[in-house]
Amino acid sequence: MNSTVKRTIFGALFLAVMLGGLLFYEALYVVLFAFITGVMLYEFYRMTMGNTYRGLQYSAIFVGVFIFLVANYYFFIGHHMGTFVSFSIIGVLYLMVRSLFLKDHSDFLKTGYLYAGLVYIALPLALSNALVSRTGEFSGLLMVSFFCIIWASDVGAYCFGMLLGQKVWPAKMCPTISPKKSWAGFIGGMLMAMLAGAILHWTGLWSFSMLHCLIVSAIMHVMGVFGDLFESMWKRAAGIKDSGNIIPGHGGLMDRFDSSLFAFPAAYIYLVLFGLV
């Protein structure tokens, strides 16, 4: 199968699954994002730890999914924040205690990647529950709109990078991390993200003022680029091209959600600080 056709087909399937999980039932969302959390942690640990302490890796994946489910319970049921924090700490303490009983501690420093994965991946995904439970009932529209901003940013960066970033303005952002990222693509992504934010305002999907819509979109673009570069740094250090191969033609789930891990929390923090959610 032609690589472009493969990317298109599986990209459309990925989009359909994401929309189905965010627009219909809370149970679908919980299953989908618990699965995404587990797979992304699996990819991260394989990238950083290989086959070292595989049993402990699976325990950390379990803890990450557990933290997501506890966060879902907290945000929808409305219990005190201490419930979420307490159970999250219990999960991490379990992981720490379990690591004490390893048969071989010669590579013990590698267990630090377990906690890095929980902070880098599990925590942002757990807090994504705040985006779909703002009214006390399940609604994935805000998260879908956030994804629209990220996708618009990616499209703009790719198109402007191809048109202007090759010869007209070839200056690179971080050539040692991601040689293909150009400043032309960065500016193009910013413009497309802000255009998407304006469209969300004009259509009424975002009730914020136009200024807030544009600022949120710009923040998401900038933080999304940082998220992309951060994952690229991990992959470069590990000597791999893709985080996985779960989506044929697209790589792993970390490759699909790397921008979101930075962009979504940053956008939500902005909305909270200005009392918009």
Side-chain angles (χ1 to χ4, degrees), residues 1-22 28-54 56-68 110 112-128 143 146-147 150-151 153-155 157-158 174 177-181 220 223-265:
M1 183 185 296
N2 181 278
S3 60
T4 302
V5 174
K6 180 190 292 185
R7 282 181 60 86
T8 302
I9 292 175
F10 285 98
L13 288 174
F14 172 75
L15 178 61
V17 170
M18 288 300 298
L19 291 177
L22 287 169
L28 290 176
Y29 158 77
V30 172
V31 171
L32 175 62
F33 274 76
F35 174 77
I36 289 172
T37 300
V39 172
M40 288 179 68
L41 286 171
Y42 175 85
E43 292 175 351
F44 180 77
Y45 294 145
R46 283 295 178 270
M47 180 195 310
T48 55
M49 299 178 68
N51 291 322
T52 306
Y53 301 139
R54 293 190 67 175
L56 205 55
Q57 290 181 39
Y58 290 126
S59 294
I61 292 171
F62 170 81
V63 170
V65 174
F66 174 73
I67 290 174
F68 172 82
K110 284 189 176 182
Y113 291 123
L114 300 174
Y115 311 108
L118 293 178
V119 173
Y120 172 37
I121 294 171
L123 185 59
L125 289 174
L127 295 178
S128 69
M143 189 180 288
F146 276 12
F147 276 118
I150 292 297
W151 293 331
S153 169
D154 288 343
V155 170
Y158 176 79
C174 297
I177 300 176
S178 183
K180 292 184 178 181
K181 282 194 180 300
M220 290 192 67
M223 295 306 295
V225 171
F226 288 151
D228 190 357
L229 289 171
F230 190 69
E231 195 226 358
S232 294
M233 189 70 257
W234 281 106
K235 291 191 294 185
R236 182 169 289 275
I240 60 175
K241 182 178 182 295
D242 296 320
S243 64
N245 55 9
I246 191 171
I247 310 175
H250 291 267
L253 289 186
M254 281 187 66
D255 300 320
R256 297 300 93 205
F257 290 93
D258 52 357
S259 300
S260 305
L261 293 176
F262 278 42
F264 284 19

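In this chain, numbering begins with 1 at the start of the sequence shown. Any value given below was found using the heavy atoms of this structure, including those in side chains, with hydrogens, waters and symmetry copies removed.
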Apply ring-ring contact (aromatic ring centres under 6.0 Å, His included) to residues F44 and Y120 and explain how you reach the verdict.
CA-CA 10 Å; F44 180 77; Y120 172 37; 5.8 Å; yes
Audit row: R46, R54, side chain to side chain contact (heavy atoms under 4.5 Å, CB included) steps and yes/no:
CA-CA 9 Å; R46 283 295 178 270; R54 293 190 67 175; 2.8 Å; yes
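- Across all non-hydrogen atoms, the minimal contact from D228 to S259 is CB-OG, 4.0 Å.
- The environment of CZ in F147 is crowded: more than 12 heavy-atom neighbours from other residues, nucleotides or ligands sit within 6.0 Å.
- For the pair L123/L118, no side-chain contact is recorded, criterion being any heavy-atom separation below 4.5 Å from C-beta on.
- Taking the salt bridge (charged side-chain N to carboxylate O under 4.0 Å, His left out) definition, one finds that D258 meets it with nothing, sequence neighbours left out.
- Side-chain atoms of D255 and S243 include a donor-acceptor pair closer than 3.5 Å.
- Centroid-to-centroid, the aromatic rings of F226 and F230 stay 6.0 Å apart or farther.
- Here the side chains of F35 and M40 are not in contact, with every heavy-atom distance at 4.5 Å or above.
- In the displayed structure, F14 atom CZ is contacted under 6.0 Å by more than 12 heavy atoms of other residues, nucleotides or ligands.
- Within the 3.5 Å criterion, the main-chain N or O of K241 finds a donor-acceptor partner in the side chain of K235.
- Nearest heavy atom pair, residue E43 against residue L253, reads OE2-N, 2.9 Å.
- For F264 and F146, the ring centers sit closer than 6.0 Å to each other.
- Separating the CG atom in L28 from the CG atom in L22 is a distance of 10.0 Å, to the nearest 0.5 Å.
- Using a 4.5 Å heavy-atom threshold, the side chains of L261 and M254 count as separate.
- Taken from CD1 in I36 to CD1 in I246, the straight-line distance is 9.0 Å, to the nearest 0.5 Å.
- In this pair, F68 and Y29 present their aromatic rings tilted. The plane angle is within the 30 to 60° band.
- Pairing each heavy atom of A263 with each of I150, the nearest pair is CB-CD1, 3.6 Å.
- With sequence neighbours left out, S59 forms a side-chain hydrogen bond (donor to acceptor under 3.5 Å, both in side chains) with R98.
- Shown here for I177 and R236, the closest heavy-atom pair between the two residues is O-NE, 3.1 Å.
- A heavy-atom distance below 4.5 Å is not found between the side chains of Q57 and L41.
- The aromatic rings of Y42 and Y58 sit parallel, their planes meeting at an angle under 30°, below the 60° perpendicular limit.
- Crowding of F62 atom CZ: a count of heavy atoms from other residues, nucleotides or ligands under 6.0 Å not exceeding 12.
- C174 and L229 get closest at one heavy-atom pair: SG-CD1, 3.9 Å.
- What you find for Y45 and L114 is that their closest heavy atoms are OH-O, 2.6 Å.
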